[in-house]
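Because the structure is predicted, anything quoted here is derived from the model rather than measured. All heavy atoms count here, side chains included; hydrogens, waters and symmetry mates do not. A, B, ... follow the sequence lines: proteins, then strands. Residue 1 opens every chain.
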Amino acid sequence: MDTDSIIPLPKTVQVCRKALLDWYDGHARDLPWRVLPVARSEGQRPDPYGVWLSEIMLQQTSVTAVKDYYAAFLDRWPGVEHLAAAPLEDVLTCWAGLGYYARARNLHACAQRVVDQHGGVFPQTEAELRTLPGIGDYTAAAIAAIVHDLPTNVVDGNVERVMARLHQVERPLPDAKPELKSLAAHYVLEYRAADWPQALMDLGATICRPKNPKCDLCPLERHCLATKTGKPDAYPRRRPKVARPVRYGAAFVLCRDDTVLLRRRPAKGLLGGMSEVPNSSWQAQKEVTETVMMSAPVEANWHNVGSVRHVFTHFALELDIYKAEASEGYQTNEGWWASCHKLDEEALPSLMRKVLAQAGMLLK
DNA sequence: CACTCGTGGCG
DNA sequence: TCGCCAAGAGT
């Protein structure tokens with residue numbers, strides 16, 4: 001670690017641990033995958049499968065967005081062996097709308113690894129968990145701590161934010177990551193090893209929020225340097241964002257009675273393995289109509305039925321939507337016809353649901 | 001190691 | 001309407 005990195009005073013560490021754990025006893029969020037501190041103190045432990053599933057879903061995703069998906073997954077695949085036996089297509093269908101679809105592919109691969117190589121039992125140590133697909137530094141530490149009470153250093157965006165404010169770290173993210181992780185390591189403790197990281201994350205999510213932090217309710221306020229000497233919501237500092245470019249393209253909704261033509265995207269990459277309607281490549285410049293029509297799946301009486309705009313992580317997309325009725329003899333060896341009444345059974349990302357809705361084909 | 005990879009909610 | 005960003009991982 002850098003010689004200029006901050007080291008918290010031992011006294012501060014002790015007082016903050018106590019204050020935050022006490023706060024957690026009264027303010028822990030009651031989450032479906034969580035065992036609350038009272039039950040935990042009575043020896044109750046969470047289901048490793050449920051904790052793992054929730055942690056994967058929660059990567060870069062809000063609790064609100066995850067809850068329904070978590071319940072649906074547990075209902076359909078109650079254990080890791082059920083999930084491992086499922087076709088990947090089914091997993092992607094249930095994941096559709098949650099985003100970052102590599103997580104779903106890795107989830108499935110991880111379940112199969114656990115069943116095939118670990119007898120259906122999740123490894124307990126951080127190092128072993130770390131080798132599984134979809135489990136990185138954060139998730140390995142989180143599972144080891146939350147499930148097995150191991151004193152790991154669990155560092156997510158919440159913990160980074162709390163540390164950056166508590167110690168008023170001026171170095172911007174992502175450069176500050178090692179420093180913030182080092183700071184957090186000083187607070188790790190064996191006593192209540194499972195509750196500590198969850199307390200930190202709950203504080204970050206409900207009190208020490210990115211915007212409008214509720215410092216007056218914070219159990220650590222007396223020790224928080226950012227609150228004393230500056231505006232806490234200015235931390236963690238970040239590099240200025242790069243502008244998000246816009247890409248343009250066209251999507252083709254080919255209908256036959258109450259069905260639409262769908263196809264599968266390549267297994268990896270953007271929206272990998274998900275379903276889509278045929279569409280053009282996405283370019284930085286909008287192309288002329290004649291060129292756009294070259295990428296239609298078939299010559300037909302295409303009508304423009306509007307456009308949709310969708311924002312991805314590193315670019316925005318504007319798709320013009322074209323719709324046509326397939327002629328009687330149209331044959332295709334690519335894709336399949338999907339009933340517009342059963343589109344919930346397809347692995348449609350939100351972008352494609354927008355497209356189908358705009359074309360009037362997203363019915364229930 | 002910089003880049004890729006979704007989506008919805010919220011001020 | 002728009003920028004911000006959430007329990008990160010893989011390459």
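Centroid-to-centroid, the aromatic rings of Trp33(A) and Tyr70(A) come within less than 6.0 Å. Ring centroid separation for the pair Trp282(A) and Tyr248(A) does not come in under the 6.0 Å cut-off.
A 6.0 Å sphere centred on NZ of Lys18(A) holds no more than 12 heavy atoms belonging to other residues, nucleotides or ligands. The environment of CG in Asp68(A) is sparse: at most 12 heavy-atom neighbours from other residues, nucleotides or ligands sit within 6.0 Å. Residue-environment remark: CZ (Arg263(A)) exceeds the threshold of 12 foreign heavy atoms within 6.0 Å.
Ranked by how close their nearest DNA chain B nucleotide is to the 5' end, Gln59(A) and Thr64(A) are led by Gln59(A). Between Tyr100(A) and Asn212(A), it is Tyr100(A) whose nearest contact on DNA chain B lies nearer the 5' terminus. Residues Lys211(A) and Gly136(A) each lie close to DNA chain C; by heavy-atom proximity, the contact nearer the 5' end of the strand is made by Lys211(A). Both Val63(A) and Lys268(A) lie near DNA chain C, and the one whose nearest nucleotide falls closer to the 5' end is Val63(A).
The aromatic rings of Phe122(A) and Trp52(A) lie tilted to each other, with the angle between the two planes from 30° to 60°.
In the interface, the side chain of Thr61(A) is paired with the base of dG6(B) through a donor and an acceptor atom under 3.5 Å apart.
Backbone-only contact: Ser350(A) has heavy atoms under 4.0 Å from sugar-phosphate atoms and none from a base. As judged by a 4.0 angstrom heavy-atom cut-off over every strand, Trp95(A) is placed among residues making no nucleic acid contact. Base engagement by Val311(A) is indicated by at least one non-hydrogen atom pair under 4.0 Å involving a base atom. Counting any heavy atom pair closer than 4.0 Å across all strands shown, Ile56(A) reaches no nucleic acid atom. Nucleic acid contact class of Leu31(A) (heavy atoms, under 4.0 Å, all strands): base. At the heavy-atom level, Arg209(A) lies nowhere under 4.0 Å from the strands shown. Note on Pro174(A): nothing from the nucleic acid sits closer than 4.0 angstrom, heavy atoms only. Across all strands shown, Pro133(A) has heavy atoms under 4.0 Å from sugar-phosphate atoms exclusively, and none from any base. Here Gly204(A) lies out of heavy-atom contact (under 4.0 Å) with every strand. Among the atoms of the strands shown, none is found under 4.0 Å from any heavy atom of Ser54(A).
Side-chain N/O atoms of Arg34(A) and Gln198(A) include a donor and acceptor closer than 3.5 Å.
One interatomic measurement links the two molecules: CZ of Arg105(A) to P of dG10(C), which rounds to 12 Å at whole-angstrom precision. Between Glu55(A) atom CD and dA7(C) atom P the separation is 11 Å, expressed in whole Å. Straight-line distance from the CG atom of Asn106(A) to the P atom of dG8(C): 16 Å, rounded to whole Å. Spacing between atom CG of Asp68(A) and atom P of dT7(B) amounts to 17 Å, rounded to whole angstrom units. As a whole-Å value, the separation of Lys67(A) NZ from dG9(B) P is 14 Å. If you take CZ of Arg103(A) and P of dG8(C), they are 10 Å apart, rounded to a whole angstrom. The nearest whole Å value for the distance from the CD atom in Glu126(A) to the C1' atom in dA9(C) is 15 Å. Between the CG atom of Leu92(A) and the P atom of dC5(B) there is a distance of 16 Å, rounded to whole Å.
Of the candidates dA9(C), dC4(C), dG10(C), dG10(C) carries the atom nearest the Arg130(A) side chain, counting heavy atoms from C-beta on.
Close to dT7(B), at under 4.0 Å from its OP1 or OP2, lies no side-chain N or O of Ser62(A). Contact annotation: His314(A) does not reach the phosphate of dC3(B) (side-chain N/O to OP1 or OP2, under 4.0 Å). Phosphate contact (OP1/OP2 of dA6(C), side-chain N/O of Gln60(A), threshold under 4.0 Å): absent. Residue His310(A) has a polar side-chain atom (N or O) positioned under 4.0 Å from OP1 or OP2 of dT7(B). Checking the phosphate oxygens (OP1, OP2) of dA6(C), a side-chain nitrogen or oxygen of Arg161(A) falls inside 4.0 Å.
For the C1' atom pair drawn from dA7(C) and dA2(B), the interatomic distance equals 23 Å after rounding to whole Å. Straight-line distance between the P atoms of dG6(B) and dT11(C): roughly 14 Å, to the nearest whole Å.
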